[in-house]
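What follows is a short report on a single structure.
Heavy-atom basis, side chains included; hydrogens, waters and symmetry copies ignored. A note on names: the letters A, B, ... follow the listed sequences, proteins ahead of strands, and every chain is numbered from 1.
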Amino acid sequence: MHAALLSIFLVALFAPVLHRKGSLVTPILFSLFALGIGVYFLSFHGSVTDGKSQLFTYTWSAALSVELSFLVDGLSLFFALLVSFIGALILLYSGYYMKEKEQANRFFGMLLFFMGSMLGLVLAADLISLFVFWEMTSLSSYLLIGFKHTDEKARQAAHQAWIVTAAGGLVLLAGLILLGMAGHGYSIPELLTKKDLVAESPYLTAIVALLLIGAFSKSAQYPFHFWLPTAMEAPSPVSAYLHSATMVKAGVYLVLRLNPVFADNATWQTALAIVGGTTMVLAAAVAFHADDLKRVLAYTTISALGIFFLMLGIGSEEAVKAAVVYIFAHACYKASLFLVAGVLDHDCGTRLISELGVKPKRMPLTAAAAALAALSMAGIIPFLGYIGKEKLYEAALHHSGYLHMTLIALVVSSVLFVVVSMRIVVDVFMRKSARDGRRGETVGETSPFMYLPPLALGLAGLTFGLFPEFGVKAVLMSASESISDAVKSLDMSLWHGFNTVFALSVATVVAGLFVYWLIKYFGKLLGKVSLFVAELPETLYNGMMRGFEGFAEFQTRTLQSGYLRRYVSICLGTLFVVFGYYSARSGFLRDTPISLELARLRIYEVAVLLLVLFTITFVFISRSRLAVLASIGVTGYGIALLYALFSAPDVAITQFLVETIGLMLIAIILPKLPLIELGRSAGRKGYLVGSCAFGALMTYVTLVTMSREEDSKLKSFFLENSEPLGKGENAVNVILVDFRALDTLGEISVLIITMIGIVAFLLKTGKEVEL
Amino acid sequence: MRTLILRTSFRVLTPLFFYFSAYMFFRGHDQPGGGFIAALIAAIPFMVHGVAFGVEETKKRYRINQFVISVIGLLVAAGSGALGILEDGVFMKPMWTDAKLPIIGHFGTPLMFDVGVFLIVFGMFLQVAFLFTESVERDRS
C-alpha cells in the first residue's frame, strides 16, 4: 500500500521530465499507470465486500503517536476506486486537451500529485496523516487552478481557492487535534469504536463545529462555496477531476468517515441538514440561470454536495445509502459533463451557453456523451442518476422532521437539475439557430482522446443503472456499511411499482420541463435574486481581502519608509523598550551588584577610549560625509584595538577586517549617494539621544553579565575541552567549527539568503545583474 | 578610481594577500585566524581589482563566479556535517585523520566545514562589492 502510493508520487515527480510537448504517448502511459493503481485497489474488492477491512501501519512519529497508516474498508475503497479510475480517464483526456499548451509536462506532474494526495486522504487511517494529505490536495488544487499563470484571473481564482480551503484546513486541524485529545489517539479505526468517550468530551460542540467548518469549506458549502465557481478558470480536465468528481468530495468523505462517531449528536445532524439543504437549493437556483457552461456545472456540483450533507444530516439508514449511491452517480455524470464542456471550450472557443449551438451531427459522440450524462443528472429511468434520486426521495420521505422541508427542498432542487440538463442538451446541441460557436463550420469531433472519456463516463451511468449487480453494488453496500452500522442491505433495482417515490420522480421531470419553458418569462428575476444571495459571501470576502491589503499598505507606509536610518531607529527603539521593560521587571538584572573596578584601568586604555569618544562626537558634528566616514572608521579601529588589549585577538582581527571592507564598500558606493549636505537639524541630535540611550542600556546589560560571569561553566568547559575534544588550541575557532558548528551553519545559510536578497534588490533597481 | 597607483599597488600586494589569507586559514585551529578571517583577507584584492580594472575584467581574468562559490561553500559545509551521518548517524559528528600533515596539521570534517565558511564569506563579500561597483559603473557610463 505504501509502495503503491509512493510510486504515484514518484511518477508525479518525474512526469515533467518524461513528458514532451505534443506527445500523446506519455499521457497514455500515465493513464495506464492510473489504471494499474485502480486494478490494484480492485484486488481488495473481494475481501472488503466480505466485510474484512485491512490496515497498513507505518509508524511516522512514535513520540507524537502519529502514524502513516492506511485503512482499506468499504468507504475508502469506494473512494479510492473513484479517484483512480476517473483519474485514468482524465489523464487520457488531458493528453489531447493539453497537447498544444505550454508547460503541459508540469500539468501531468501536478495531476498525478493530486491523485496520490487524494488517495492518501481517503485511505488515511490516522487523523494527522489525513490532514497532511488534505492540505496536499488543497495545494495541488491551487497549482492546477492557477495553471494558466500568465492569466490574471486564473491567478486570482487560485489565490481565492487557496485562502478559503487553507483557512478551512487550519480550522479542521484544530478540530482533529481536539478530537484526538477527546479520543486519546489519532487512529481512525480506534476512534470509530470510541464513540462514547468522544461524546463525553467537554469540547464536543467545538469539535463538531470545527470539523464541519473544515468540511464545508473544502466541499464548497454556503457560505464558503464561492471559490468553486471561480475555480472554473482551471483547465476543464481539472474541473472535471478535482472540482466535481473527487477533491470537493473530500469534505463529504470526512463527514462520512467520522459519521459513526458523531451520528447521534444533534448539533452534527442539524448543522449538516441546514447548511446542506440551504446550499442545495440556492446553488441549484443559481445554476439554472448562469450562462457560462462550466459555472452552471460548478453550481450544480455545489448543489449536489449540499445533497450529500443533507442526507448525512438526516442520518437514517436509507439516507446513508442514498448519499453513497448518489455520490457515485454524480461522479460519473458530472465529470462527463465537465469533459464535454472542455471539448466545447477547446473546439468552439467559447463556453457561454448563449453563444454555443453545436449541431449534434457535427459532434455525434460528444453530443451522445452529453445526452447520456444529462439524462442521468435529470434522473431519467434507467440511468444511475434515477436510482440515486429514488433513494434520496425515499430517505427524505421517511424523514418526518421540519414539516417535510427536506423533501420539498429536495424536489425543488431536483426540478432545477432537470432544467439544467435541458439547457445543456437543448440549448447547446438542439438549438435551431445553431451557429457552431465561434469557429463556424469547422467544428467537428477532434480526437478519440476527447470524446471517449466523457462517453465512457456517460455509458457507465447507463450500464450501472441497468446492471448494478455488476461489481458496483457490492462496493456501495460495503461503503454504506462502514458509514453506518444500521445498514443491512442495499436494493438498487430500477422498478419498485407505482408508489409515492415514483410519482415524485415523474412529477419532477414534468415540472422540470415546465419550468424550462417558463425560464424565458421569469428566469431572469429569480436568477438575479438567487445570485445576489449566493454572491453575498464572496462580496464580504473581497471586502475583507481589500481590508487586509489596505492595512498592509498602511503599515508598510508607516514602518517600511525606505530610509535605512528609520529602519535602524525602529529596530533599536523596539529593542530598547522590550529590553528596558524586562530589565526593570526582572530581579536578575536589577539585583545584581555592579562592580566597576575603575582602579584597574590602564592609561593606554583610557587613551583609546578618549579617541573613540572624540571621533564619535565628530560624527555628529561634521557636515562632510567623507569626514563622517573616516570618523566611523577610526571608531571601529579604536574598538578593535580595545579587543586586542583585552586579549580577544580573534575578535580584534575580525573587527579590523570587517571595518576595512565595510569602509571599502562605502567608498565604492559613495558616488551613488545623494549629494545632500548633512545639516545640524534637530533630527540628527535626536539620533544622538537615541544612540546614547541604547548604548547606555547595552553597557548596563554587559556590566551585569560581567558581574555574574562566575555562574557560567561554559567558558571553562570550552577552554578545557577544545584541545582534547576539538583537536585545536584556539577555543574560539573550535567553538565555531566544531562545538557550535550547527549555529555557524545556520548563520552562513542566513548569509546566503542575505546575498540573494541583495542581488534581488539591486536587480530591481538596476537593469541586468549577472550572477 | 581607476588610478595608476591603485593598479600598480594591486600587482604588488595581491600575492601577499593570498599568502596571508592561506596562513590565517590554516593556523586558525590553534591560533587566532580561521575561515571567516581568511575569506575577508582573500576577498580584498579582488574587490580592489574590480574597482581598479572594472568588474567585467575581474570576472573574466580570474573566472570567478562568486555566487556559485558561495553555494558550493554551503554544500561543502553541510556536506562535512553529512559525513558524520554516514559514519555514526549523527549530523556534524567531527571526524579526524590520525596522521598529522605538514602545514595543515590534522585534517578532519571541522576543517572541511571551515573551508565551507571561507567560500561562503568570500563569495558573499565579492558579490556585494561587485554589485556596488557595477551599479556605480553603470551610472558613470
Side-chain angles (χ1 to χ4, degrees), chain A residues 644 647-662 664-673 722-723 725-734 736-742 744-745 747-756 758-759 761-763 765-771, chain B residues 1 24 27-37 39-41 43-44 47-48 50-51 56 59 65-68 70-71 73-74 77-78 80-81 91-92 94 96 105-106 108-114 116-117 119-121 123-125 127-136 138-140:
Chain A
S647 51
D650 276 286
V651 190
I653 296 174
T654 313
Q655 173 81 10
F656 270 121
L657 283 167
V658 169
E659 208 61 55
T660 309
I661 290 192
M664 281 176 72
L665 286 179
I666 299 177
I668 291 174
I669 208 74
L670 207 57
K672 288 275 273 190
L673 298 179
S722 86
E723 170 65 25
L725 290 180
K727 295 189 197 291
E729 283 156 25
N730 178 6
V732 176
N733 191 264
V734 173
L736 282 176
V737 299
D738 194 339
F739 288 138
R740 310 290 307 169
L742 198 62
T744 314
L745 188 65
E747 282 153 18
I748 54 184
S749 309
V750 170
L751 216 56
I752 295 254
I753 295 166
T754 313
M755 184 168 88
I756 294 171
I758 294 172
V759 170
F761 183 69
L762 287 177
L763 265 177
T765 47
K767 274 183 196 117
E768 289 224 353
V769 177
E770 212 178 305
L771 286 176
Chain B
M1 273 192 258
M24 273 304 203
R27 68 174 242 156
H29 218 56
D30 292 328
Q31 286 157 57
F36 189 90
I37 290 171
L40 294 182
I41 298 170
I44 290 173
M47 288 168 68
V48 176
V51 173
E56 276 309 303
K59 283 190 194 164
N65 189 330
Q66 65 285 358
F67 195 81
V68 173
S70 295
V71 174
L74 189 62
S80 79
F91 186 62
M92 297 230 135
W96 294 93
H106 287 294
T109 52
L111 205 62
M112 186 174 156
F113 185 83
D114 220 10
V117 173
L119 291 174
I120 290 176
V121 174
M124 151 93 186
F125 272 95
Q127 177 75 70
V128 175
F130 283 177
L131 280 174
F132 279 13
T133 316
E134 268 174 345
S135 102
V136 171
R138 245 197 327 267
D139 284 3
R140 195 170 292 148

Quick one: what part of [X] sits under 4.5 Å from any heavy atom of chain A, side chain, backbone, both or neither?
X	answer
B:M112	neither
B:F36	side chain
B:V48	both

| request: Before giving the answer on side chain to side chain contact (heavy atoms under 4.5 Å, CB included), spell out for B:M47 and A:L665 the whole-Å C-alpha distance, their side-chain angles and the decisive distance to 0.1 Å. | output: CA-CA 9 Å; B:M47 288 168 68; A:L665 286 179; 3.8 Å; yes

| said: Before you tell me yes or no, could you show the steps for A:I653 and B:L40 under side chain to side chain contact (heavy atoms under 4.5 Å, CB included), namely the whole-Å CA-CA distance, both residues' side-chain angles and the distance that decides it to 0.1 Å? | reply: CA-CA 10 Å; A:I653 296 174; B:L40 294 182; over 6 Å; no

| request: Against chain A, work out which of B:G123, B:G34, B:S70 has the most heavy-atom pairs shorter than 4.5 Å and name it. | output: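 Heavy-atom pairs under 4.5 Å are most numerous for B:S70.
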
| query | Could you go step by step and tell me if A:V759 and B:L131 meet the side chain to side chain contact (heavy atoms under 4.5 Å, CB included) rule? | reply | CA-CA 8 Å; A:V759 170; B:L131 280 174; 3.8 Å; yes

Taking all non-hydrogen atoms of both residues, which atom of [X] and which atom of [Y] are closest, and how far apart?
X	Y	result
B:S135	A:I669	OG-CD1, 4.2 Å
A:I668	B:V136	O-CG2, 3.3 Å
B:G28	A:N730	O-ND2, 3.0 Å

Rounded to the nearest 0.5 Å, what separates atom [atom1] in [X] from atom [atom2] in [Y]?
X	Y	atom1	atom2	value
A:I756	B:M124	CD1	CE	11.0 Å
A:L670	B:F132	CG	CZ	11.5 Å
B:I44	A:I661	CD1	CD1	4.5 Å
A:L751	B:L74	CG	CG	10.0 Å
A:N733	B:D30	CG	CG	9.0 Å
A:L657	B:I37	CG	CD1	6.5 Å

| task | Can you establish whether the number of heavy atoms outside B:R27 located under 6.0 Å from its atom CZ is more than 12? | result |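 Yes, enclosed.
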
| task | Not counting sequence neighbours, which residues clear side chain to side chain contact (heavy atoms under 4.5 Å, CB included) with A:V651? List them please. | result |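 Per chain and number, A:V651 pairs via side chain to side chain contact (heavy atoms under 4.5 Å, CB included) with A:Y643, A:A648.
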
| B:Q127 and A:I758, any side-chain heavy atoms less than 4.5 Å apart |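 Not touching, per the 4.5 Å side-chain cut-off.
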
| Top contributor to chain B contacts, counting heavy-atom pairs under 4.5 Å, from A:P649, A:S749, A:A741 |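 Among A:P649, A:S749, A:A741, the one with the most close pairs to chain B is A:A741.
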
| request: Mind running side chain to side chain contact (heavy atoms under 4.5 Å, CB included) on B:F113 and A:D738 for me, showing each step along the way? | output: CA-CA 9 Å; B:F113 185 83; A:D738 194 339; over 6 Å; no

